[in-house]
Amino acid sequence: MQPEIIPLHPLFAAEVRGVDAGAPLTEPVAASLREAIDRYAVLVLRGQKLDDEHQIAFTRYFGEPEINIGIYRPASQRRLARPEMADVSNVTPQDTVQARDDKRRMFNLGNMLWHTDSSFRKPSGCLSFLYAHAVPSRGGETEFADLRAAYEALDDETKATIEGLRAEHSILHSRATLGFTEFSEGERAALPPVLQPLVRRHPGSGRKSLYLASHASHIVGWPVPEGRLLLRDLIEFATRREFVYVHRWRVGDLVIWDNRCTLHRGRPYPPEERRDLRRVTTIDPENLAQPAAA
Ligand code: OGA
Ligand code: MN
């Protein structure tokens, strides 16, 4: 049986019913999910029962999972065994809720800035698969913005200005904007900045899209303040409420998004409550990222 696709927003995002992500997919079902991702960019599958192995196996129908940067988490301190899993939770390896000043928590607070996953890596992030094991009693939503619709809504002068521009992306930059700079020399060396196009054509839909993230610090060839202002203006424009779908999590939700044409951010929740979300992200086969000149 083919899945049922129910739009959740006038511009993008849809709920998919009739798919068990923990079981093998038939090729027609996998193909219809790929088509739905290309069209809607955000898909919500409710009521799933996945362990980490299932989540990784499901992701492989759509691409090659990246190995998580695992910052601050040498193998012995990782809560999750598989290197493909990004631990988006506020839970320690001892299964307690992280202290307010836990480094891993402060690092993950950067997810509350509008961003795309792994735009600072080469190859960059493509599709993300985020699954909810535990959710807080209130807050903790994830918001998504449609960067194809935002691009199309720009005025012609802005479209002409930004065509062909490139931005420098680094995860150190997004964390620094929140005042978090505790990176060792080794971590800095392991995360060199990359250059990304500001406008790209989304392969699956043929539509042009902005490519933005809080990881982007400036525009190549422009004075830093001017480029940073442009990036801020574009993020402000692209995240106007009409471009945003808000996902309110329930345990068992699997949300898939296309990082090539959306922005997302987490929202606050009571810090003493447990929130256990785990993500697998595929690498972008187009690999547009270029090393930034040193
Ligand atoms: C992520 C992310 C936001 C959230 O998993 O990549 O940014 O709401 N998550 O936890
Ligand atoms: Mn993210």
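One-based numbering, in listed order, for ligands and for the atoms of each.
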Out of F129, F144, Y131, which residue meets the side-chain contact (heavy atoms from CB on, under 4.5 Å) rule with V255?
F144

Using distance alone, with no hydrogens and no angle criterion, decide if H115 and H215 have a side-chain donor and acceptor under 3.5 Å apart.
no

Quick one: do the Q196 and S124 side chains pair a donor with an acceptor below 3.5 Å?
yes

Donor-acceptor check, side chain of N259 to backbone of C126, threshold 3.5 angstrom: yes or no?
yes

When the ring centroid of H264 is compared with that of W257, is the distance short of 6.0 Å?
yes

Report, as a single number, the protein N, O or S atoms less than 2.8 Å from the Mn ion (ligand 2).
3

Acceptor/donor pairs from residues 40-49 side chains to any protein atom, 3.5 angstrom cut, sequence neighbours excluded:
from	atom 1	to	atom 2	distance (Å)
R46	NH1	D253	OD1	3.4
R46	NH1	D253	OD2	2.8
Q48	OE1	A21	N	2.8
Q48	NE2	V19	O	3.0
Q48	NE2	R46	O	3.2

With sequence neighbours excluded, tell me which residues meet ring-ring contact (aromatic ring centres under 6.0 Å, His included) with F243.
F237

Do I171 and R121 come close enough that some side-chain heavy atom pair is under 4.5 Å?
no

When you pair each N or O of ligand 1 with protein N or O atoms, which pairs come out under 3.5 Å?
from	atom 1	to	atom 2	distance (Å)
ligand 1	5 (O)	R279	NE	3.0
ligand 1	6 (O)	D117	OD1	3.0
ligand 1	6 (O)	D117	OD2	3.2
ligand 1	6 (O)	H264	NE2	3.3
ligand 1	6 (O)	R279	NE	2.7
ligand 1	6 (O)	R279	NH2	3.4
ligand 1	7 (O)	H115	NE2	3.0
ligand 1	7 (O)	H264	NE2	3.0
ligand 1	8 (O)	T142	OG1	2.6
ligand 1	8 (O)	R275	NH2	2.8
ligand 1	10 (O)	R275	NH1	2.8
ligand 1	10 (O)	R275	NH2	3.4

Might you work through the side-chain contact (heavy atoms from CB on, under 4.5 Å) test for R274 and V91, ending with a clear yes or no?
CA-CA 7 Å; R274 190 182 173 95; V91 181; 3.8 Å; yes

